[in-house]
Amino acid sequence: MNYIVLDLEWNQCPSGKEHENPLLPFEIIELGAVKLNEKKEVLGEFSKLIRPKVYHRLHHRTKQVLKTDFKEYLKAPGFLEVIKDFFNWCGDEPYIMCTWGPMDLEELQQNMDFYKFNNPLPKPLYYYDIQKLFSLLYEDGKSRRALSYAVEFLHLDTNETFHQAIGDTRYTARIIQQMNMELVKEYESVDYHRPPSNKNEEIYMVFRRYAKYVSRVFDSKEAMLSDKTVTTTRCYQCGKALRKKIRWFPGGNNMYYSLSICPLHGYLKGKIRIKKTHDGKYFSVRTLKLVSESDAEIIRKKQESIQAKRKMKRKKQSE
Ligand SMILES: [Zn+2]
């Protein structure tokens, strides 16, 4: 299995969000990739600028970070030509995409959709988020560091240009070369650009530290939150259906929490994150994690404080 390390640079509407094309908020103008084999040896590189079609000036923030003159982009081939070349270059050998953070594959597919390019990536699309793996290996698993931080942390040569697709890709590839992938290889991420469209496509992933479920798409939040598959909690260690100590309660920011207990394995913290699809529907990502007694207490406190707030609000409304 090869690794295809990918990095993109994109532009956004220079005259502000209210004037953007909603089908293409972020227009890719640079694609860099490095191919590594299983031993993490470099097999080849891909580096192309892309001529923009939608935004003909750079957004001020993009202008600040990009190292290439905008005139160079205007001379470059268009997206369709580059994306075809890119997938040819990826080759027939099985590969897994690797990116720094979860954004690049989302934007890549959004751009493919915009150009009605038939998405050749597998569904579900598993990939390695190297930013996440870096945190799992060297920090607490939750931190998300800038690429430059990781480069410095691992004492890598800084002879490449940051914020240039091929430069960032080379750095990310070097970080992979430094990592003990054996320790983190199970921590694949799954891309949410094309969420499961039916029950058969729903995704279940079990890791050492937690389990994840991605629901199919629903028309409304209400329908989703009353669906048994979405709300049932099972212990991911023994498979037992669990009794809830605290039923799902809203915790703000489209998050819901619960607390269950497995007689064998202890407390499980449940978290449901509600996500919106590009066409205004909903799906959810549920994670279950075995937690300590004190973590369970934190969830209890959280629920109590939210309940108290709601009571206050109701009281105010009735006054
Ligand atoms: Zn259990």
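Keep in mind that the numbers below use all heavy atoms, side chains included, and drop hydrogens, waters and symmetry copies. Atoms within a ligand are numbered from 1 in the order they appear, just like the ligands themselves.
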How would you list, by chain and number, every residue that makes a side-chain hydrogen bond (donor to acceptor under 3.5 Å, both in side chains) with Tyr192, sequence neighbours excluded?
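With sequence neighbours excluded, Tyr192 shows a side-chain hydrogen bond (donor to acceptor under 3.5 Å, both in side chains) to Lys212, given in chain and number order.
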
Taking atom types as modelled, find out whether Lys199 and Thr229 have a side-chain donor-acceptor pair closer than 3.5 angstrom.
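On atom types as modelled, these side chains qualify, holding a pair under 3.5 Å.
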
Give a yes or no on whether the backbone of Val214 and the side-chain of Glu202 come within a donor-acceptor separation of less than 3.5 Å.
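No, because the side chain of Glu202 does not come within donor-acceptor range (under 3.5 Å) of the backbone of Val214.
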
If you count heavy atoms of other groups shown closer than 6.0 angstrom to CZ of Arg144, is the number above 12?
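Enclosed.
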
Rounded at 0.5 Å granularity, tell me how far CG in Leu43 sits from CH2 in Trp89.
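Separation between the atoms: 8.5 Å.
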
On the six-membered ring of Tyr257, is Lys269 placed so that its NZ or CZ lies under 6.0 angstrom from the centre and within 45° of the ring axis?
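Here Lys269 fails the 6.0 Å and 45° test against Tyr257.
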
Go around the Zn ion (ligand 1) and count every protein N, O or S atom nearer than 2.8 Å.
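Count of protein N, O, S atoms less than 2.8 Å from the Zn ion (ligand 1): 4.
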
